[in-house]
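What follows is a single structure, written as structure tokens, with notes after it.
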Number of protein chains: 2
Amino acid sequence: MGITIKDVAKHAGVSIATVSRIVNGQTGYGEKTKQLVLKSIEDLGYSPNAIARGLVGRETRTIGVLLPKLSGLFASKLLQGMETAARQENYSLFVCHTDSKEERVIQDIQVLKEKQVDGMIYASDQLSEAQGQLLEDMASPVVFVSTQSLTHPFPYVKVDDYNAAYDGTSYLIKMGHEDIAFIGGDLDDLIAGKTRNDGFRKAMCDHELRVNEKLVYYGDFRFPSGKEGFRQLLASKEVFTAVFATSDEMAVGVLSEAYEQGLSVPDDFCVLGYDNTMAAEMAVPPLTTVSQPIDEMGKRAVSLLLSIRENTKTPVRNIDMEHEVVERKSVVIRENTKGVFSR
Amino acid sequence: MGITIKDVAKHAGVSIATVSRIVNGQTGYGEKTKQLVLKSIEDLGYSPNAIARGLVGRETRTIGVLLPKLSGLFASKLLQGMETAARQENYSLFVCHTDSKEERVIQDIQVLKEKQVDGMIYASDQLSEAQGQLLEDMASPVVFVSTQSLTHPFPYVKVDDYNAAYDGTSYLIKMGHEDIAFIGGDLDDLIAGKTRNDGFRKAMCDHELRVNEKLVYYGDFRFPSGKEGFRQLLASKEVFTAVFATSDEMAVGVLSEAYEQGLSVPDDFCVLGYDNTMAAEMAVPPLTTVSQPIDEMGKRAVSLLLSIRENTKTPVRNIDMEHEVVERKSVVIRENTKGVFSR
DNA sequence: TCCTTTAACGTAAACGTTTACTCATTTGAA
DNA sequence: TTCAAATGAGTAAACGTTTACGTTAAAGGA
């Protein structure tokens with residue numbers, strides 16, 4: 001098919017070794033030959049074959065990314081951050097959407113391994129033993145982002161969900177709320193489900209507030225489960241003045257359902273989100289939310305990966321990202337909201 | 001580093017050719033040797049090196065994707081569709097986010113070429129002459145999705161923006177609206193900007209309605225430009241009962257700005273979106289919108305690409321996708337909305 | 001002047017596969 | 001039986017690079 005280094009060598013009347021050295025900016029050739037070769041490259045329109053390079057060299061300048069789903073504001077923002085950092089270092093990204101399916105993850109890891117990626121970034125769900133083993137057997141480094149492995153010692157970059165949820169809850173309490181509903185992820189999800197729930201409960205406890213079990217619902221972080229969760233809250237007939245949903249998507253779900261039920265935020269009750277994706281900004285009303293620096297997390301994940309790659313002797317270093325609650329319009333002080341089922 | 005085919009061959013006491021044949025499910029070996037080799041593979045934990053395969057074979061089972069940005073509901077949904085279809089055929093995706101920067105596109109194409117992708121999917125902005133030339137020089141096929149090239153004959157898969165906008169507008173008119181504001185993309189964007197605007201105008205004209213130039217605004221399809229556009233609309237003091245925003249993001253922008261201005265949709269005016277991303281579903285109120293089958297478009301793009309690859313003799317075949325207006329809550333009949341600045 | 005160094009290249013062996021040729025051994029038909 | 005065809009395997013040449021190792025010639029030192 002294409003022009004190879006041999007063609008260039010022949011055209012310039014030098015050996016392929018010389019061409020290679022020039023292309024790679026090494027030393028060992030004169031200025032005149034360099035110009036000659038450069039000219040030939042230009043004339044022929046040569047561009048090196050990265051596959052061949054990858055075969056002999058040790059690297060493919062490629063990193064594999066595993067995400068549960070690609071659509072959605074969180075994943076895509078994360079991916080964008082990774083791509084930005086990767087391109088800066090001349091790496092390309094293989095992206096796989098695992099759909100949270102065990103066997104798909106396995107298959108993807110296998111494929112990425114065969115494709116000889118220089119590293120992998122795992123941003124999917126909790127990993128099984130089989131997956132963990134597969135990852136450990138990889139020659140190249142693996143880093144986790146926005147999740148972590150409790151059973152395998154992979155470095156991660158993420159925010160501290162427990163504390164973030166704690167702070168979010170405390171914010172609500174500081175605003176005067178006491179009857180707080182909670183819509184979280186499944187407790188089986190030890191990373192983002194249980195921790196956020198624990199943070200919520202601890203904050204309530206620390207402020208000597210009771211959590212009303214009828215006002216906690218466990219969803220899956222997606223929009224529909226936010227709607228469903230809010231429906232359940234209403235069905236309980238319990239009074240609350242605020243709901244803390246541990247993802248913006250779910251928070252928007254409650255906004256949406258509230259609208260359908262003729263309830264108004266923040267006049268009737270308040271809602272606090274989590275993530276600070278674009279959904280929070282675009283919501284009506286704009287969501288007050290616990291913010292994760294998603295873009296930055298993506299970037300950090302690749303730089304962490306790359307630094308491990310160069311410096312394989314350093315011990316595993318995790319990166320904890322900062323969270324903060326960004327105030328918009330969906331939460332107001334207790335006095336300014338009616339509360340649901342309160343009279 | 002890893003176990004190679006040679007190791008397997010040695011371990012099984014056969015030649016590498018035999019191992020290769022077995023691994024690739026070809027013929028030319030006996031059942032006993034097969035079992036022997038399979039056992040060795042299992043024992044050693046061998047997995048083929050796709051890079052080496054790519055070097056000798058003609059294919060890398062890899063396709064490159066160019067998107068202007070990765071975050072955002074449209075792009076990510078599209079990407080998800082592509083990934084789904086690609087994985088089904090055992091292809092992996094290199095994803096590049098060009099940020100709509102000319103030179104980045106050029107660089108990305110170059111990289112993808114060096115990485116020997118089997119094909120490319122272009123979903124970025126209008127391409128320049130230089131980019132077009134680069135793409136034409138590629139040995140592997142290129143398909144456009146959700147965009148097209150007016151100057152280069154690349155096959156595309158997209159909806160007919162002109163007709164979709166025409167139908168969207170007609171829907172509004174059918175609902176009794178006459179004073180319709182329009183928030184579109186820049187007219188310099190010949191693909192999604194101008195065409196949708198043209199469709200809008202034609203529909204108005206065909207129904208003998210005048211388009212009020214003070215009520216048309218050109219944004220960039222993003223959320224902030226929807227907000228800004230709506231502010232401009234209000235500033236004009238002209239009366240309108242509906243606004244057609246040619247992206248859901250912009251439509252949500254008007255919803256958001258309307259909320260801030262104390263206006264209510266659809267009580268005060270209606271808004272029609274475009275795309276049918278998740279934003280439309282999640283909006284308050286849920287957006288009535290002109291729907292594109294985004295996921296399906298992504299899938300079709302890769303199957304088109306792959307079919308071209310196998311069958312390089314067939315002429316360029318474009319794929320036109322169906323659009324439809326999906327009714328939700330943001331548009332009601334003229335009688336049920338007050339209209340802005342009307343008394 | 002002669003020897004040593006160094007700069008400027010070329011040769012050829014990898015890298016891990018696939019695959020076109022061989023070649024031997026069976027098999028089966030006549 | 002005899003021979004042609006089929007089967008099961010091995011050999012070695014690609015694929016396009018990088019790179020360790022040679023080689024040559026010019027330069028520099030004594």
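Fair warning: this is a prediction, and the values are worked out from it, not measured in the lab.
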Please table the atom pairs, donor to acceptor, closer than 3.5 Å between any side-chain atom in residues 59-72 of chain B and protein atoms at least two apart or in another chain.
unit_1	atom_1	unit_2	atom_2	d
B:E59	OE1	B:R309	NH2	2.8
B:E59	OE2	B:R61	NE	3.0
B:T60	OG1	B:Q116	O	2.8
B:T60	OG1	B:D118	OD1	3.3
B:R61	NH1	B:E89	O	2.5
B:T62	OG1	B:T60	O	3.1
B:K69	NZ	B:S71	O	3.1
B:S71	OG	A:Q80	OE1	3.3

Item to check | Approximate separation, where rounding is to 0.5 Å, of A:L79 CG and A:I121 CD1 | outcome: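 Atom-to-atom, A:L79:CG and A:I121:CD1 are 9.5 Å apart.
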Next on the checklist: Taking only side-chain N and O atoms of A:N49, does any of them lie within less than 4.0 angstrom of OP1 or OP2 on D:dC15?
Outcome noted: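 No, A:N49 has no side-chain N/O under 4.0 Å of OP1/OP2 on D:dC15.
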Checklist entry - With a non-hydrogen cut-off below 4.0 angstrom, is B:E114 in contact with a base, only sugar-phosphate, or nothing? => result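 No contact.
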Next on the checklist: Over all strands shown, is A:S20 touching base, sugar-phosphate only, or nothing at heavy-atom distances under 4.0 angstrom?
Outcome noted: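 Base contact.
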Interatomic distance, [X] [atom1] vs [N] [atom2] [rounded to whole Å]:
X: A:I5; N: D:dG16; atom1: CD1; atom2: P; result: 11 Å
X: B:Q116; N: D:dC15; atom1: CD; atom2: C1'; result: 11 Å
X: B:I22; N: C:dT18; atom1: CD1; atom2: P; result: 12 Å
X: B:K113; N: D:dG16; atom1: NZ; atom2: P; result: 14 Å
X: A:N24; N: D:dT18; atom1: CG; atom2: C1'; result: 8 Å
X: B:Y46; N: C:dG16; atom1: OH; atom2: P; result: 10 Å
X: A:E59; N: D:dT18; atom1: CD; atom2: P; result: 11 Å
X: B:K6; N: D:dG10; atom1: NZ; atom2: P; result: 16 Å

Next on the checklist: Need the bend value for the helix from C:dT1-D:dA30 to C:dA30-D:dT1: angle between end axes, 5 pairs each end, nearest 10°.
Outcome noted: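 Axis angle across the helix from C:dT1-D:dA30 to C:dA30-D:dT1, nearest 10°: 40°.
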Next on the checklist: Distance alone, cut at 3.5 Å: any donor-acceptor contact between the side chains of B:E103 and B:Q107?
Outcome noted: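 The criterion, which ignores hydrogens and geometry beyond distance, is not satisfied for B:Q107 and B:E103.
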Checklist entry - So, A:S47 versus B:E114: side-chain donor-acceptor pair below 3.5 Å or not? => result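 On atom types as modelled, these side chains do not qualify, holding no pair under 3.5 Å.
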Item to check | B:Q35 and its side-chain hydrogen bond (donor to acceptor under 3.5 Å, both in side chains) partner, picked from B:E31, B:K32, B:K39 | outcome: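 The residue from B:E31, B:K32, B:K39 that satisfies side-chain hydrogen bond (donor to acceptor under 3.5 Å, both in side chains) with B:Q35 turns out to be B:E31.
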Checklist entry - Is there a salt bridge (Lys or Arg N to Asp or Glu O under 4.0 Å) between A:D99 and A:K101 once you walk through the steps? => result CA-CA 5 Å; A:D99 209 14; A:K101 300 287 197 344; 3.0 Å; yes
Item to check | Donor-acceptor pair, side chain of A:T147 and main chain of A:D125, under 3.5 angstrom | outcome: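 Not at all, since once roles are kept as given, no pair shorter than 3.5 Å links the two residues.
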Checklist entry - Around A:Q26, counting heavy atoms of other residues, nucleotides and ligands shown, do more than 12 lie under 6.0 Å from its CD? => result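 Atom CD in A:Q26 is crowded, with more than 12 foreign heavy atoms closer than 6.0 Å.
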Checklist entry - If you check the B:T4 side chain, which of D:dG16, D:dT18, C:dG16 turns out closest? => result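 The answer is C:dG16, which lies nearest to the side chain.
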Item to check | Salt bridge flag under 4.0 Å for residues B:R104 and B:D108 | outcome: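 Between B:D108 and B:R104 there is no salt bridge, as every charged N stays at least 4.0 Å from the carboxylate O atoms.
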Checklist entry - Can you give one letter per nucleotide of nucleotides 6-14 of chain C, 5' to 3': B if a protein heavy atom sits under 4.0 Å from the base, S if only from the sugar-phosphate, - if neither? => result --SBBB---
